[in-house]
Amino acid sequence: MDRRESLKLTAGLGLGLGLYPFNLGEQSSDKKLGIALVGLGSYATAMLAPALKDASHCYLAGIVSGTPEKRAKWKIDHQLKDENIYDYEHFDELASNKDIDIVYIVLPNSMHAEYTIRALEAGKHVICEKPMGMNADECRKMIAARDKSGKKLQIGYRLYYEPHHLLAHEIGKEKRLGKFLMAETSLAFRMGRPNWWRMDPVMGGGGALMDLGVYNIQAARRMAAELPSAVTAQAYVFDKNLYKGIYETYMFQLLYPSGAVSNTTCSFNAYVDRAHASYERGWVTLQPASNGGEKVVMTSGSENIKIPPPITGLQQTAQMDAFARNILEDTAVSASGEEGLTDMIIIDAIKRAIKSGRIEDIVYGL
Ligand code: NAD
């Protein structure tokens with residue numbers, strides 16, 4: 001049975017039992033929410049637009065782009081209405097567009113906070129790409145804007161909806177292999193575009209740490225099912241002509257109150273994509289851990305652990321459908337602003353540890 005059939009069956013069963021989850025008073029059960037993608041770069045083009053074609057609870061209703069050629073092409077490719085196509089000068093006019101329920105911010109990191117807050121002020125639900133902001137204080141402002149607007153906010157953490165990552169989190173949370181002891185979570189790829197905003201300290205906010213480290217932090221803390229309370233960190237740059245104002249490779253160790261530790265390498269100058277956690281009675285490895293595509297989940301001591309089959313389709317479909325359902329059913333968002341803030345609090349502490357060369361405490365709070 002494919003995912004779509006399985007969703008239909010689940011919905012059908014729910015109806016039969018009188019358990020259909022949608023709020024039928026306000027929304028019709030087959031209503032699909034309209035999404036506007038903001039920033040038509042590589043991720044929006046290669047992943048989000050294709051993922052929306054398969055979505056059950058949302059669809060691509062509009063776009064925001066500063067490039068006239070892109071607007072013209074997307075209009076034809078996705079059969080968009082003229083009135084749902086915006087440039088940045090007219091972004092705030094989204095407020096009066098009834099076709100757009102959700103605004104999805106897919107811009108460079110330094111633009112996330114501003115556009116998320118403006119979209120919330122325009123009365124829209126928002127998905128904001130990772131990392132949530134440039135630092136924890138920006139994330140706190142975004143959460144305050146969400147609360148003021150009464151709308152929902154999701155961070156583009158697609159792996160919060162991926163079955164193998166969910167299983168790994170559950171193994172840690174339920175202590176199915178005993179107490180968490182240590183983890184190694186790493187992600188790196190070779191950056192082929194020296195002038196890309198990801199290489200710019202102002203727009204990217206810190207190279208591979210901001211771009212990739214966020215996945216490593218999540219994998220570690222979710223497999224640990226515990227938040228780290230302190231960190232040590234190191235960072236290196238060898239090619240000073242290429243890496244200006246950012247490091248090439250970041251390494252950090254998160255220390256957990258239970259006595260466990262996790263170690264991470266994230267880099268723009270190597271290839272690795274793995275998350276491994278060790279427990280008292282076994283271990284779990286996810287590989288590839290963060291890139292899309294089929295997951296390899298290996299466990300030792302795994303007789304009682306049933307590994308889900310590889311998912312068909314794009315992870316982003318599940319992520320966006322889950323958010324649409326959160327809105328339609330008025331349920332809590334799993335990849336919430338608070339989750340984004342938690343990662344940024346940890347990243348801020350890693351940056352402090354790189355500077356100080358000492359163990360830095362991680363202090364959480366809104
Ligand atoms: P990209 O450079 O391909 O796209 C960025 C888009 O922003 C471009 O269309 C660009 O024209 C537009 N833009 C608007 N104003 C800009 C400005 N002032 N400067 C530069 N660009 C401007 O980048 P991308 O890879 O699509 O990444 C976009 C966001 O999506 C980032 O925050 C990134 O972290 C996130 N992302 C997430 C995932 C994931 O798996 N969740 C994967 C890739 C990217």
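Ligands are counted one by one from 1 in listed order, and the atoms in each one are counted from 1 as well. Residues: numbered from 1 along the sequence shown.
Closest to atom 15 (N) of ligand 1 among all protein heavy atoms lies M111 CE, 3.4 Å. The protein heavy-atom contact nearest to atom 40 (O) of ligand 1 is R158 NE, 2.6 Å.
Between Y247 and Y250, the angle of the ring planes goes over 60°, which puts this pair in the perpendicular group of the 30/60° scheme.
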Distance-only donor-acceptor pairs under 3.5 Å for side chains of residues 357-366, two or more places apart:
{"unit_1": "E360", "atom_1": "OE2", "unit_2": "S356", "atom_2": "OG", "d": "2.7"}
{"unit_1": "Y364", "atom_1": "OH", "unit_2": "P228", "atom_2": "O", "d": "2.6"}

Please tabulate, one pair per line, all N/O donor-acceptor pairs under 3.5 Å involving side-chain atoms of residues 281-288, not counting sequence neighbours.
{"unit_1": "R281", "atom_1": "NH2", "unit_2": "R176", "atom_2": "O", "d": "3.2"}
{"unit_1": "W283", "atom_1": "NE1", "unit_2": "S300", "atom_2": "OG", "d": "2.9"}
{"unit_1": "T285", "atom_1": "OG1", "unit_2": "H276", "atom_2": "ND1", "d": "2.7"}

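With respect to the salt-bridge test (charged N to carboxylate O, under 4.0 angstrom), the residues K351 and D348 do not qualify.
Residue contacts with ligand 1 for W196 involve side-chain atoms from C-beta outward but no N, CA, C or O (heavy atoms, distance under 4.0 Å).
Within the cation-pi definition used here (under 6.0 Å to the ring centroid, within 45° of the axis), R222 qualifies as a partner of Y160.
Under 3.5 Å, the side chains of Q319 and R158 contain no donor-acceptor pair of N or O atoms.
Ligand 1 has no nitrogen or oxygen under 3.5 angstrom from a nitrogen or oxygen of Y88. Annotation: L107 places an N or O atom under 3.5 Å from an N or O atom of ligand 1; distance criterion only. Considering backbone and side-chain N/O atoms, E129 comes within less than 3.5 Å of an N/O atom of ligand 1. On a distance-only criterion, W197 and ligand 1 share at least one N/O pair closer than 3.5 Å. Where the criterion is an N or O separation shorter than 3.5 Å, residue side chain and backbone included, G41 meets it with respect to ligand 1.
Considering only non-hydrogen atoms, atom 28 (C) of ligand 1 lies nearest to V106 out of V38, T67, V106.
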